[in-house]
Amino acid sequence: MEETKYIKINFYLLLAILSLSIVGYLFAVYKENLFFLYERSLTLLIIASIILSIIGIIKNEGNSKWISLSYFAFFVQFSVLCLFLGPLTFYSVIFVFYVTTFITILIFVIAIRKIDKFKFIPLLLLTLSVIFTIYVIFLNALWGTSWI
């Protein structure tokens, strides 16, 4: 029970980020002066998730450590995406995102192979990572500079 505690809390924080994003969209559309509340709350949730992932990596034993490592990799990738879409909107940050995505997907594949319980979590995170990557590839194509 102790080893799944951090995994479940991280999953609930991931759901909180999803619901917070809906509120952030509403703030962006209807109350733009309150959008800073979304940004600060999202930052706090991501930091809390990264800290819980690190604690889970340290405290978990065996194969369940890979689930916490998957959470950690996903939130690092998500942080790079948020930084790219926010204050660091530079062309070179796209390549930082691509490198982070490659490492993240590698961790997901290893985690999927090693774990038996909660296998849906790395699969879900892998699906979200692929969606983020397709979005960034689309932005890269719109940027006007081809990466091919």
Side-chain angles (χ1 to χ4, degrees), residues 1-60 62-90 93-143:
M1 180 62 183
E2 181 68 29
E3 71 180 25
T4 62
K5 179 172 78 171
Y6 297 109
I7 294 169
K8 289 178 182 177
I9 292 173
N10 258 335
F11 188 74
Y12 294 140
L13 287 175
L14 188 64
L15 290 176
I17 287 173
L18 178 67
S19 60
L20 181 67
S21 295
I22 295 169
V23 172
Y25 170 77
L26 294 175
F27 281 163
V29 172
Y30 298 112
K31 295 283 186 183
E32 192 172 343
N33 59 340
L34 296 177
F35 190 72
F36 75 96
L37 292 174
Y38 164 72
E39 292 175 330
R40 302 303 188 270
S41 302
L42 181 66
T43 303
L44 288 175
L45 281 176
I46 290 175
I47 289 172
S49 297
I50 288 175
I51 290 171
L52 278 174
S53 298
I54 292 171
I55 291 171
I57 292 169
I58 293 170
K59 292 210 177 211
N60 287 343
N63 293 338
S64 62
K65 183 179 289 200
W66 283 96
I67 298 174
S68 294
L69 191 60
S70 296
Y71 277 126
F72 178 76
F74 175 76
F75 286 119
V76 168
Q77 180 196 23
F78 188 65
S79 298
V80 171
L81 177 67
C82 289
L83 287 174
F84 170 68
L85 295 176
L88 298 177
T89 308
F90 304 115
V93 180
I94 291 175
F95 296 107
V96 174
F97 178 79
Y98 289 150
V99 170
T100 307
T101 299
F102 176 74
I103 294 169
T104 301
I105 289 176
L106 186 68
I107 289 172
F108 291 154
V109 169
I110 293 171
I112 290 168
R113 289 183 180 178
K114 288 201 176 216
I115 60 174
D116 300 323
K117 193 174 177 185
F118 297 117
K119 195 172 264 206
F120 72 94
I121 293 174
L123 287 171
L124 173 71
L125 297 176
L126 178 65
T127 305
L128 290 173
S129 292
V130 168
I131 291 170
F132 293 158
T133 306
I134 291 170
Y135 177 67
V136 171
I137 288 171
F138 180 69
L139 287 179
N140 192 7
L142 288 177
W143 198 288

Discussion item. Do Ile94 and Phe97 make a side-chain contact, defined as non-hydrogen atoms from C-beta onward lying under 4.5 Å apart?
Written reply: no
Worksheet item: Taking atom CZ of Phe72 as the centre, does the number of heavy atoms from other residues, nucleotides or ligands within less than 6.0 Å exceed 12?
Response: no
Worksheet, complete the sentence: Separation between CZ (Phe75) and CD1 (Ile51), nearest 0.5 Å, reads 12.0 Å
Worksheet item: Got a sec, which residues hit side chain to side chain contact (heavy atoms under 4.5 Å, CB included) with Thr43, two or more places apart in sequence or on another chain?
Response: Ile47
Worksheet item: CD1/Ile67 to CZ/Phe11 distance, rounded to the nearest 0.5 angstrom?
Response: 11.5 Å
Response to the item:
To the nearest 0.5 Å, atom CD1 of Ile9 lies from atom CD1 of Ile55 at 9.0 Å
Discussion item. I'd like to know if the side chain of Ser19 reaches the main chain of Ala16, judged simply by a donor and an acceptor atom lying under 3.5 Å from each other, with no hydrogens or angles considered.
Written reply: yes
Practice prompt. Report the residues that fulfil side chain to side chain contact (heavy atoms under 4.5 Å, CB included) with Leu44, sequence neighbours left out, ordered by chain and then residue number.
Written response: none
Residues 20-37 side chain polar contacts: donor-acceptor under 3.5 Å, at least two apart:
residue: Ser21; atom: OG; partner: Ile17; partner atom: O; Å: 2.9

Worksheet entry | Considering all heavy atoms, the nearest Ile107-Ala73 contact | CD1-CB, 3.8 Å
Worksheet item: Can you list every pair that meets side-chain hydrogen bond (donor to acceptor under 3.5 Å, both in side chains) and has a residue in residues 49-58, with sequence neighbours left out?
Response: Asn10-Ser53
Fill in: Straight-line distance of Ile54 CD1 to Leu69 CG, nearest 0.5 Å
10.5 Å
Worksheet entry | Minimum heavy-atom distance between Ser79 and Ile46, given as atom pair plus value | OG-CG2, 3.3 Å
Would you be so kind as to tabulate the donor-acceptor pairs closer than 3.5 Å made by side chains of residues 113-139, with sequence neighbours excluded?
residue: Lys119; atom: NZ; partner: Ile112; partner atom: O; Å: 3.2
residue: Thr127; atom: OG1; partner: Leu123; partner atom: O; Å: 2.8
residue: Ser129; atom: OG; partner: Gln77; partner atom: OE1; Å: 2.7
residue: Ser129; atom: OG; partner: Leu125; partner atom: O; Å: 3.0
residue: Thr133; atom: OG1; partner: Ser129; partner atom: O; Å: 2.7

Practice prompt. Find out whether Leu14 and Phe74 are in side-chain contact, i.e. whether some heavy atom of one side chain is under 4.5 Å from a heavy atom of the other.
Written response: yes
Worksheet item: Taking only residues two or more places apart in sequence, or in another chain, which ones meet Ser68 in a side chain to side chain donor-acceptor pair (under 3.5 Å)?
Response: Asn60
Discussion item. I want to check something: taking the side chain as every heavy atom from C-beta on, are Tyr98 and Asn140 in contact at a cut-off of under 4.5 Å?
Written reply: yes
Worksheet item: Side-chain contact, heavy-atom cut-off 4.5 Å: Cys82 with Leu42?
Response: yes
Worksheet item: Does any non-hydrogen side-chain atom of Ile50 lie less than 4.5 Å from one of Tyr71?
Response: no
